[in-house]
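Here is the structure we will look at, set down as structure tokens.
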Amino acid sequence: MVEHIDKFRIQNDLRYRFDFLSKFINFDQNDVNMLNTLAPIIFPLLPALVERLYQKLYSFDVTKRFFHLRNDGFESFPVNREVGITLDFVQTEYRKDMFSVYLKRILTQGQWDDSFIEYLSRVGQMHTPKGGSAAINVDYMYMNALFCYLEQLLMEVIWNTENLDQRKKQEGMQAISKFICIQNDFLTMHYGTTWNKETSCPNIPIVRLTKCFFR
């Protein structure tokens, strides 16, 4: 029997959208548990992983240029070039910290409830003018490339972990792939024109994020 999916609700109800996507890609609590299992393996490697991620962003002028823009909250930052304290350096270090916090939350979240999927949605929204600041407008192509490269780095960690058997490695890589798919969908919907941001998850507070991974 073919299951009916309400196309209107997919564009207006975040939980409904998430449930449909999860069912389609077979993302369930087992995948969440697997992400939790990977946490103690990935956590010690996060500084090096995030460093590689931002080295990649800095290796192309089209992505590096975002780091030269003054971030909200750094308007009055005092620059001291003599000791190597520049606006670019401090803002980039701050973004690295925020990306690490984001990954830690992904890996430790025990239940992907409405509040959490709203958080994932805001990660996408905050990189567009829809996030509340017209100055933040990162092209979707760069966001997609960022998360694809992140997926490669995480897969590499799992593959090279000796204390995981082949079955666990496969389950771990599948869980990472599904997480990236879900986050990428939540990015995509905010770059389109069909998503109604006012009706995402009813009856839960909106998560207000003001800093993005690029700015």
By side-chain hydrogen bond (donor to acceptor under 3.5 Å, both in side chains), which residues pair with [X], not counting sequence neighbours?
X      : answer
Asn36  : none
Asp97  : none
Gln29  : Asn33
Thr188 : Tyr140

- Task: Quick one: list whatever passes side chain to side chain contact (heavy atoms under 4.5 Å, CB included) with Ala145, sequence neighbours left out.
- Result: none
- Contacts of Phe24 meeting side chain to side chain contact (heavy atoms under 4.5 Å, CB included) (sequence neighbours excluded), chain-then-number -> Phe20
With rounding to the nearest 0.5 Å, note down the distance linking [atom1] in [X] to [atom2] in [Y].
X      : Y      : atom1 : atom2 : answer
Leu146 : Tyr54  : CG    : OH    : 7.0 Å
Leu38  : Phe43  : CG    : CZ    : 10.5 Å
Met173 : Glu171 : CE    : CD    : 10.5 Å

- Task: List the steps and the verdict of side chain to side chain donor-acceptor pair (under 3.5 Å) for Gln125 and Arg122.
- Result: CA-CA 5 Å; Gln125 187 181 20; Arg122 283 291 295 165; 2.8 Å; yes
- Query: Honestly, is Arg105 close enough over Tyr119, meaning NZ or CZ under 6.0 Å from the six-membered ring centre and within 45° of the axis?
  - Reply: yes
Partner set under salt bridge (Lys or Arg N to Asp or Glu O under 4.0 Å) for [X], not counting sequence neighbours:
X      : answer
Asp139 : none
Lys169 : none
Glu151 : none

- Would you sort out whether Leu150 and Leu103 count as a side chain to side chain contact (heavy atoms under 4.5 Å, CB included), showing the intermediate values? CA-CA 10 Å; Leu150 171 64; Leu103 290 176; 3.9 Å; yes
Heavy-atom side-chain contact between [X] and [Y] under 4.5 Å:
X      : Y      : answer
Trp112 : Phe179 : yes
Phe186 : Val123 : no
Gln109 : Val32  : no
Ile182 : Ile117 : no
Gln174 : Met34  : no
Ile176 : Ile158 : yes

- Counting distance only, does the side-chain N/O of Thr161 pair as donor-acceptor with the main-chain N or O of Val157 below 3.5 Å? yes
Nearest heavy-atom neighbours spanning [X] and [Y]:
X      : Y      : value
Ser121 : Leu14  : CB-CD2, 3.6 Å
Tyr191 : Leu187 : CD1-O, 3.0 Å
Leu49  : Leu153 : O-CD1, 3.7 Å
Lys168 : Leu164 : CB-CD2, 3.9 Å
Leu46  : Ser100 : CD1-O, 4.1 Å
Met155 : Ser177 : CE-CB, 4.0 Å

- Hey, mind stepping through Tyr16 and Asp19 against side chain to side chain contact (heavy atoms under 4.5 Å, CB included) and telling me if it holds? CA-CA 5 Å; Tyr16 189 80; Asp19 287 345; 5.8 Å; no
- Message: side chain to side chain contact (heavy atoms under 4.5 Å, CB included) for Ile10 and Leu21? Distances and angles first, verdict last.
- Response: CA-CA 10 Å; Ile10 284 181; Leu21 182 59; over 6 Å; no
For [range], which residue pairs qualify under salt bridge (charged side-chain N to carboxylate O under 4.0 Å, His left out), counting only residues two or more places apart or in two chains?
range          : answer
residues 21-31 : Glu3-Lys23, Asp31-Lys178
residues 39-61 : Glu51-Lys96, Arg52-Glu156
residues 38-50 : none

- Task: Start with the C-alpha gap between Phe116 and Ile106, add the side-chain angles, then the distance that decides, and say whether side chain to side chain contact (heavy atoms under 4.5 Å, CB included) holds.
- Result: CA-CA 9 Å; Phe116 182 66; Ile106 295 296; 3.7 Å; yes
- Might you work through the salt bridge (charged side-chain N to carboxylate O under 4.0 Å, His left out) test for Arg17 and Asp13, ending with a clear yes or no? CA-CA 6 Å; Arg17 185 186 185 99; Asp13 186 328; over 6 Å; no
- Item | Parallel, tilted or perpendicular: rings of Phe99 and Tyr102 (30°, 60°) | perpendicular
